[in-house]
J.: 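What follows is a single structure, and I will ask about it in a moment.
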Amino acid sequence: MRILANRMDLGFQKYQAEYEEAVMRVLRSGWYIMGKEMKAFESEFASFNEVSRYLHSMRWNGSGNESIFCAGVASGLDALWIGMKVLGIGPGDDFIVQGNTYIASVMGGTINGARPIFIEPDVNYQIDLNKIEESITSHTKAIMVVHLYGMVCNMDKVVDICKRHHLYLIEDCAQAHGAMWNEQRVGTFGNIGCFSFYPTKNIGAFGDAGAVISHDPDIIHKIEVFRNYGSQEHYKNEVVGANSRLDEMQAALLRVKLKHFNDLTDERRKLAKRYDDELKNPKLIKPVEEQGSYAVYHQYVVRCRDREKLIDFLQSKNIGVNIHYPIPPHLQEAYKYLGHKKGEYPITERYAQEVLSIPIYNGMCEAEQSYVIDALNAF
Ligand SMILES: Cc1ncc(COP(=O)(O)O)c(C=O)c1O
């Protein structure tokens, strides 16, 4: 048997007729940028995240607004940097972010000239909530929480810290569509929730795509203007913006995925539960879903001290795996200018040596998962 680390073709095949219908609808419409499909997806994605009964405990920002608004953009990175730009986070500002995240989270702030302050992750790979407050200074403008691997930390605590210190709360939900804390969707706790629809994501497009959601219609309006050369009216430009539009084709395809999303998430959660129950090898540390959270298992990440040997072993059995991520942002060439040293963030660095994402994808069959489980237990 050969198992790939991830499969996207199966997800396409399952709803092939619907995807083909969506593509043809767009092609025949004669309208390919910023049309009906984008508007429909924005509104459907906003409602999906809104689920108003979930918004019981938090009223963010004094806006008192329970509704969610959404602006489609061209990628997850654009969602982050344009969102942060619109919030006014820039040179002279610090933003707090976990050290073990994907580099795009960090770039979302640094593109705007802000400085990342890295925080070590907790045992579940999420930002260590006990280490945030000691890092807040007069320069801190925002906390960015990344719901890494589709898991969720205690958002009540994050909201409390942000409120007490008057900080923006940005959620990087690129890996966590539909995940919840106390039955409230991620992306709705703070000022902005930023999503990627990169093809491998839980709601994946067939190319690049992203979105920002917010309770604040003004923020969403500013993003709508910014993403289109700073223009609302043809050939009238209010601000220097960007070209970062969610195109009609991706929007139409995303609408299909969104329609089936609950089933797709259930499937991932069942696969994860089976790994939880049946992986017995003491050399592997399994992820733990925090009480109150609803994880969506973008990845199922184990830790192993002998990771390189484990990878070789799995390769000998034709099982593909991934490492998310082998080099943490503070040690990347791109961030040399920040002056961080090896050893400065020992937990982040240890995770970079030990984490392993094992196969989990929609369409993974029982026999395939059994094969992976047997191999991992035999190691
Ligand atoms: C945590 C995280 N943030 C941001 C991004 C950036 O998204 P995109 O690839 O759509 O730019 C990604 C995905 O690649 C991600 O995993």
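Start at 1 and go down the list; that is how both ligands and their atoms are numbered. Values below: all heavy atoms of this structure, side chains included; hydrogens, waters and symmetry mates excluded.
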J.: Side chains of Y300 and D276: do they bring a donor and an acceptor to under 3.5 Å?
T.: yes
J.: Going by atom types alone, do N6 and T200 pair a side-chain donor with an acceptor below 3.5 Å?
T.: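 No, T200 and N6 have no side-chain donor paired with an acceptor closer than 3.5 Å.
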J.: Is there any protein N/O under 3.5 Å from an N/O of ligand 1, and what does the full list of such pairs look like?
T.:
residue: ligand 1; atom: 3 (N); partner: D172; partner atom: OD1; Å: 3.3
residue: ligand 1; atom: 3 (N); partner: D172; partner atom: OD2; Å: 2.7
residue: ligand 1; atom: 7 (O); partner: S196; partner atom: OG; Å: 3.3
residue: ligand 1; atom: 10 (O); partner: G76; partner atom: N; Å: 2.8
residue: ligand 1; atom: 10 (O); partner: S196; partner atom: OG; Å: 2.7
residue: ligand 1; atom: 11 (O); partner: G76; partner atom: N; Å: 3.3
residue: ligand 1; atom: 11 (O); partner: L77; partner atom: N; Å: 2.9
residue: ligand 1; atom: 14 (O); partner: K201; partner atom: NZ; Å: 3.2
residue: ligand 1; atom: 16 (O); partner: Q175; partner atom: NE2; Å: 2.8
residue: ligand 1; atom: 16 (O); partner: K201; partner atom: NZ; Å: 3.2

J.: Would you call N202 and Q175 a side-chain contact if the rule is heavy atoms closer than 4.5 Å?
T.: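 They are not in contact (no side-chain heavy atoms under 4.5 Å apart), so the answer is no.
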J.: Quick one: side-chain hydrogen bond (donor to acceptor under 3.5 Å, both in side chains) pairs with a partner in residues 364-374, sequence neighbours left out?
T.: R274-S370, Y361-E368
J.: What pairs meet the side-chain hydrogen bond (donor to acceptor under 3.5 Å, both in side chains) rule with one or both residues in residues 110-120, with sequence neighbours excluded?
T.: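 Qualifying pairs: D94-R115, T110-Y335, E120-T348.
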J.: For residues 259-272, which residue pairs pass the salt bridge (Lys or Arg N to Asp or Glu O under 4.0 Å) check, not counting sequence neighbours?
T.: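 Every pair satisfying salt bridge (Lys or Arg N to Asp or Glu O under 4.0 Å) with a residue in residues 259-272: E18-K259, R269-E289.
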